[in-house]
Amino acid sequence: MVKPLKILIVEDQFVEANHLRLMLKKAGHSVIGMARSVSDAKYYIAQDRPELALLDIFLSGKETGIDLAEILKNENIPFIYLSANSNEEVLNKAKLTHPQGFLVKPFREKDLLIAIEIAEYHQQHGIESSIRKELLFQKQLKSIVRKNGTWDDRVLNIITSLQSLISFDLVMAVFHIDNKLTSRVLGYARTGLHEYQRIGIEELQNITALKESEINELRNKSKVETEATFYNDQDFIKVCDKTPIKKMIATSMNMKSNLMLPVPLSLSENGGLFLSFFSRQADNYNKNHLTLCERLQEPLIYAIENLISYDKKLDKKETSSENSIANKNIKNLGFESIVGKSPALLKIFDHILQVAPADTTVLITGESGTGKESIAHSIKELSTRNNQPFVKINCSALAQGLIESELFGHEKGSFTGAAEKRIGKFEQANNGTLFLDEIGDMPLEMQAKLLRAIQEKEIERVGGNVSIKVNVRIIAATNCNLEKEVADGRFRLDLYYRLNVFPIQLPPLRERKEDIGLLARHFIAVYSSKTRKNVTEISESALKSLLSYQWPGNIRELENLIERSILLAKTDTIEHIPLPAFEEAKINNKSNDWYFKTIQENEREHIINVLEKCNGRIRGTGGASEILGLPPTTLASRMQKLGIKRSHF
């Protein structure tokens, strides 16, 4: 049971608010007030800061619960939404406020208490996780100061240690002494999970095609912020117009947001080190980064001043060591099944490293074929449960009547055909990880049972009457748009919020084309070995066709095409990729006024037409499976093979 909390109820219906108050009082919590509007809630917060808020979305007055959520978030007060509304627009707005939970009215007293327990756990876990990461960073700084090595190496060590706290694609470190720029400019661009490219004046010249004098002129014209600040999206564009050196970096390296972290040094009057973090994501930084920068200043000042004291040859020209971390090929432990170095994928790696050590529930979303199972496997490998069971279940491949038995097991004789007792996936995964693939295809009636199993950490076998405790970490995945499924009444809102604790959105292959060459060569090596054919290369024209294709089937489609290409290859080099006929015609700019569709194309078009008529519904009366005369599981499998996504309907 969670410790007693001071809770604020924000609900404009007195009967419902009072019912909540009685349930909370019975459980040992104290209610500091029952607010009917946002203004009432502000009053209670000012009088006695709550430890948790239960928040209805629609309230008396012009302001909504979502408006109040922004205030609660800034005050670091956790909150749980209470609502019967599942409108997609409202849900999208609510999601952006990052609530600790969502309860759908009506709900049981037990559901409420478990939701509060989960919210408190995640609030504390988030704080403790941040503290652990910052303490580890400080420990790493002390170790860096004591190590020998070039100045560049030690700055790089500091920067790589910061990566777990501040994500970036490029960081520039610049010294100001007596408010004047020094010639020392050092930066690092992230090129892999543990790989960084040194960016000095010479490298900037190569990237920008500018002379050193021109770069220095841009630097001298640029004002350096003396306080921690961040710029996202349009604000970044505006500051680039005023800061020529930032505009140069943004234009030449495709950066879209920036965070400034000044480190004032007492050894040099009016001097300091200025760390400028850049990201290719337009909204990478927020107010939390500013408070983090304040906490990081003191340990960074300690580290930099000790490095200056240790390095008596600070003003001498230094060369980068060949043994620099930037040049080491460090194995991507835990990510062996994932290939690529694109910024989008590196961001995914960072998310995995953050969430894997915790027991937090993870929801992996993305189109079919983007590698969701590989991501789930990496999370398991990097977790404390890496030596425990990893149990997988495909929710879309199970007959509707067998899902409950598959998940929770059944007792002997519990239904026709149950000749013996069966242990379900939850029990098989005890103390380990359960991967629920294609969770969006789970029938609605099973979703409530799954939610209770996850929240209460106990199950009952079908036909049994004994509760069985299970300790399972949940990782779920789907290619559906779950928010649309919720809005359309096909997915429970409370289950969505219970699974969506730590979302990881996988980009489609067409949005990470930098990885296509690496993936192609990886699959060439794999399937050359499997087929025992000596195929080792891919021609430039073949690679160009891969880069021009839009990849509706993503990585799975690329893998299949490479395997087929190896089988067709007559030399050690793949000269041609057997892309779908219509797409290849478009790539080669050939006439496509008429062509014969393949059987596969006709089948795909027919299924899409039926799904459009059924509004994407597969099961039930009038569903696509009934019209097409196929079992739902067979249709789901056929859709996956043809690259048809339910989220499109």
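- Identified under the salt bridge (charged side-chain N to carboxylate O under 4.0 Å, His left out) test for residues 31-43, with sequence neighbours left out: none.
- The minimum heavy-atom distance between G440 and F491, with the atom names listed, is CA-CE1, 4.1 Å.
- In summary, K246 and E225 engage in a salt bridge, as defined by a charged side-chain N under 4.0 Å from a carboxylate O.
- By the 4.0 Å N-to-carboxylate-O rule, E70 lies too far from K93 to be salt-bridged with it.
- Between K62 and D67 no salt bridge is recorded (no basic side-chain N to carboxylate O distance below 4.0 Å).
- Counting heavy-atom neighbours within 6.0 Å of K6 NZ, excluding the residue itself, gives a total above 12.
- Contact between E63 and L59 at its shortest, heavy atoms only, is O-CB, 4.2 Å.
- Remark: R490 engages E485 in a salt bridge, criterion side-chain N to carboxylate O under 4.0 Å.
- Shown are R385, Q388, K457; of these, the side-chain hydrogen bond (donor to acceptor under 3.5 Å, both in side chains) with N471 is made only by R385.
- The ring of F102 has its center closer than 6.0 angstrom to the ring center of Y497.
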Set out, in order, the CA-CA distance, both residues' side-chain angles and the distance that settles side chain to side chain contact (heavy atoms under 4.5 Å, CB included) for F435 and T433, then state yes or no.
CA-CA 6 Å; F435 177 48; T433 305; 5.6 Å; no
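- A salt bridge between K392 and D437 is absent, with no side-chain N of the basic residue lying under 4.0 Å from a carboxylate O of the acidic one.
- In this structure, the side chains of L261 and F277 come closer than 4.5 Å at one or more pairs of heavy atoms.
- Between F278 and F168, the distance from one ring center to the other does not fall under 6.0 angstrom.
- Under the side-chain contact (heavy atoms from CB on, under 4.5 Å) criterion, R108 pairs with K110, D111, R452, E456, sequence neighbours left out.
- With respect to the salt-bridge test (charged N to carboxylate O, under 4.0 angstrom), the residues K105 and D56 qualify.
- Side-chain atoms of D283 and S257 include no donor-acceptor pair closer than 3.5 Å.
- With hydrogens and angles left out, the side-chain atoms of Y285 and S167 include no donor and acceptor closer than 3.5 Å.
- With a 4.5 Å cut-off on side-chain heavy atoms, Q281 and K256 do not count as touching.
- In plain terms, the two heavy atoms of R473 and I379 that are nearest each other are NH1-CG2, 3.7 Å.
- For the atom pair OH (Y43) and CG (D48), the distance works out to 10.5 Å, reported to the nearest 0.5 Å.
- With no hydrogens or angles considered, no side-chain donor-acceptor pair links S37 and D12 at under 3.5 Å.
- Qualifying ring pair (Phe, Tyr, Trp, His ring centres under 6.0 Å) partners for F426, counting only residues two or more places apart in sequence or in other chains: F408.
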